[in-house]
Amino acid sequence: MATQNIPEQLLPELLERFKDEPVTNPSQPLFKACSKTGSEIWLDTGDMEAVDRLITPEVSALTTNNTLLNKEVQKGIYDGLIKDIAPRFDALPGEKRIIEMAFLLNALHGLRLVKRYGGKVSVELHTDVAHDVDGILHYGQRFHNIEPDHFLIKVPLTPSGLLGARKLHEKGIPVNFTLLFSTRQNMLVTLLARPAFSNVFLGRIGAYMKQNHLGEAEGPGEKTVHCTQRCMNTLREETGATTRLIAASIRDYNQLPLLCGIDVLTIPPKVAADAIEKLKGPYHPMTDHDFKIVYEPGVATSEIQIDKLWHVTEAERRVFHELADNIPDDAWELVDYLREAGIPDIFPHITPMEELYIADDGKIPKHERWADAISKGETAIDTLLNLAGLAAFTKDQKELDNRIAGLIGK
């Protein structure tokens, strides 16, 4: 894939259009108290007005993604810029033109966040390269070269994502590995891809339970996060792994005290504002706490296999270590290895009709569609949430791409 230098050439000029001055606020007691439990504080947004209100010395990074960037672009703040620079991309083929312009917007917005707030900023790859190892490496390197001291490259959990992130790691490029929903997914990612950060989207786990009438939202996400943190602490001791865990998709301010002790908390602005107003403390590390899971009457936990969210089997541990020592050459080889080892439900075969179901359901899959496959071990809740998350990001990326296309008349 030939490197296109148009966005990189334009960025210094475009950055000058925005008079972003550094912003910070006095120390925030809540953030300071959470930090003392061992948790680094990030904000989960690209909304500069929101960050202006909440940024403090305790906030060390911002996370963005395809959805959050799309929200900013859809405000129209870059419409004039898109029209002005469009002729510079005329020599590129149609789809490539849109992807390159989307890359530029992502990099530009990330640079503005760095300039204004000074910390790390996670920037996410275009969803078109989620299943393309070479594409992940290509765009990941370009993001890194633009802002090597501040950009973290977000790569989603796919077979290609694992291999692409490993290649970025080997080049010294820090990755924030995303769309993870279980301890076992995080163990696989930590051993094989070796990113700087990985995560658990705990809010979506709770939403899956609640919306599908399987149990209460409180508990399963928090339990998964803390079990994952303990697993990663063990991996650090046993293997020297350096991946740090992010508690992501925090839905409610009451979750913050329950997440203290996790390496990183990335907090949406509304949750942060509510927490500042309503929480009083005290705050203690909760990593050794055993969270109670409340199920709906009649729910058979053996059938929904909920424990796959926080339990790693001995077979999975063995296979993940084997993969880490013998990196597959391509994504299909990785998938085949897992299936032949008796772990078919992390990257299951999905039919075209099932792909439509996943996209139609939104971020939270309808459990009834998948109940039989889950009970048979053909798929799992963490896998379905991962697939749904990538589908949702793809939809939002398409909306961003369509706005570009509409503005340039293509």
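Worth knowing before you read on, the calculation uses all heavy atoms, side chains too, and leaves out hydrogens, waters and symmetry mates.
R184 and F320 get closest at one heavy-atom pair: O-CE1, 3.4 Å.
Although no hydrogens or angles enter the test, the distance criterion places a donor-acceptor pair under 3.5 Å between the side chain of D361 and the main chain of K366. S160 places a side-chain N or O within 3.5 Å of a backbone atom of H131 that can act as its donor or acceptor partner. Y357 places no side-chain N or O within 3.5 Å of a backbone atom of E355 that could act as its donor or acceptor partner. In this structure a side-chain-to-backbone donor-acceptor pair under 3.5 Å is present from N212 to Y208. Between the side chain of Q305 and the backbone N or O of I374, at least one donor-acceptor pair lies under 3.5 Å. T243 places a side-chain N or O within 3.5 Å of a backbone atom of P195 that can act as its donor or acceptor partner. Looking only at distances, a side-chain donor or acceptor of R230 sits under 3.5 Å from a matching main-chain atom of T287. Proximity of a side-chain donor or acceptor of N25 to a complementary backbone N or O of D52 within less than 3.5 Å is detected. E100 contributes no side-chain N or O that, together with a main-chain N or O of R97, makes up a donor-acceptor pair within less than 3.5 Å. Side-chain atoms of H109 come within 3.5 Å of backbone atoms of G46 as a donor-acceptor pair (strictly under, hydrogens ignored).
Summarising the geometry, atom CD belonging to E316 is positioned 9.5 Å from atom CG belonging to L338; distances are rounded to the nearest 0.5 Å. In this structure, S198 OG and R244 CZ are separated by 11.0 Å, a value rounded to the nearest 0.5 Å. Rounded to the nearest 0.5 angstrom, F197 CZ and T63 OG1 are separated by 11.0 Å. A distance of 11.5 Å separates CG of L152 from CD1 of I173, quoted to the nearest 0.5 Å. In this structure, H138 NE2 and L125 CG are separated by 10.5 Å, a value rounded to the nearest 0.5 Å. Remark: I327 CD1 to L334 CG distance equals 9.0 Å, nearest 0.5 Å.
For T178 and E124, the side-chain atoms include no donor-acceptor pair closer than 3.5 Å. N70 and Q74 are linked by a side-chain donor-acceptor pair at a separation below 3.5 angstrom, with hydrogens and angles left out of the test. Counting only N and O atoms by type, the side chains of Q255 and E222 include a donor and acceptor under 3.5 Å apart. With 3.5 Å as the limit, one finds no donor-acceptor pair spanning the side chains of W310 and S182.
In the displayed structure, H289 atom NE2 is contacted under 6.0 Å by more than 12 heavy atoms of other residues, nucleotides or ligands. No more than 12 heavy atoms of other residues, nucleotides or ligands shown are found within 6.0 angstrom of NZ on K167. Crowding of K171 atom NZ: a count of heavy atoms from other residues, nucleotides or ligands under 6.0 Å not exceeding 12. By the 6.0 Å contact criterion, CD on E296 is enclosed, its count of non-hydrogen atoms from other residues, nucleotides or ligands being greater than 12.
Centroid-to-centroid, the aromatic rings of F347 and W332 stay 6.0 Å apart or farther. A distance of 6.0 Å or more separates the ring centres of H126 and Y139.
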Inset, instruction - Please report the C-alpha distance between M232 and I262 in whole Å, then the side-chain angles of each, then the deciding distance to 0.1 Å, and finally whether the side chain to side chain contact (heavy atoms under 4.5 Å, CB included) criterion is met. - result: CA-CA 11 Å; M232 294 176 74; I262 300 303; over 6 Å; no
Legend entry - Verdict with reasoning, D84 to R17, per side chain to side chain contact (heavy atoms under 4.5 Å, CB included): CA-CA 12 Å; D84 290 347; R17 293 194 184 193; 3.2 Å; yes
Inset, instruction - With side chain to side chain contact (heavy atoms under 4.5 Å, CB included) as the test, would you mind laying out the steps for V121 and H150 before giving the verdict? - result: CA-CA 6 Å; V121 174; H150 293 90; 5.7 Å; no
Legend entry - Worked verdict on Y337 versus E322 for side-chain hydrogen bond (donor to acceptor under 3.5 Å, both in side chains): CA-CA 10 Å; Y337 192 98; E322 290 173 356; 2.7 Å; yes
Inset, instruction - Just do the side-chain hydrogen bond (donor to acceptor under 3.5 Å, both in side chains) check on D263 and Q229 with the steps written out, would you? - result: CA-CA 8 Å; D263 289 331; Q229 183 71 70; 3.2 Å; yes
Inset, instruction - I would like to know whether E40 and S35 meet side-chain hydrogen bond (donor to acceptor under 3.5 Å, both in side chains); could you show each step before the answer? - result: CA-CA 6 Å; E40 189 174 345; S35 297; over 6 Å; no
Inset, instruction - Dump the intermediate steps for salt bridge (charged side-chain N to carboxylate O under 4.0 Å, His left out) on D149 and K120, then the final yes or no. - result: CA-CA 8 Å; D149 295 328; K120 303 286 186 184; over 6 Å; no
Inset, instruction - Evaluate side chain to side chain contact (heavy atoms under 4.5 Å, CB included) for T242 paired with R236, printing each intermediate quantity in order. - result: CA-CA 6 Å; T242 58; R236 291 168 191 170; over 6 Å; no
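Taking the six-membered ring where tryptophan is involved, the planes of F103 and F143 are tilted, since the angle between them lies from 30° to 60°.
F89 is listed as a side-chain neighbour of P7, based on a closest heavy-atom distance under 4.5 Å. Side-chain atoms of T67 and F393, non-hydrogen and from C-beta on, do get closer than 4.5 Å to each other.
In summary, K270 and D252 do not engage in a salt bridge, as defined by a charged side-chain N under 4.0 Å from a carboxylate O. D345 has a carboxylate O that lies under 4.0 Å from a charged side-chain N of K308, or vice versa, which qualifies the two as a salt bridge. Using a cutoff of 4.0 Å between basic side-chain nitrogens and carboxylate oxygens, E8 and R142 are scored as salt-bridged. Between E170 and R166 there is a salt bridge, with a side-chain nitrogen of the basic residue lying less than 4.0 Å from a carboxylate oxygen of the acidic one.
Results of the side-chain contact (heavy atoms from CB on, under 4.5 Å) test with P156 over I136, T127, L179, N66 single out L179 as the only residue that passes.
Legend: residues meeting side-chain hydrogen bond (donor to acceptor under 3.5 Å, both in side chains) with D47, ordered by chain and number and at least two apart, are K75.
Contacts classified as ring-ring contact (aromatic ring centres under 6.0 Å, His included) and involving residues 155-195 (residues at least two apart or in different chains) are given here: F181-F201.
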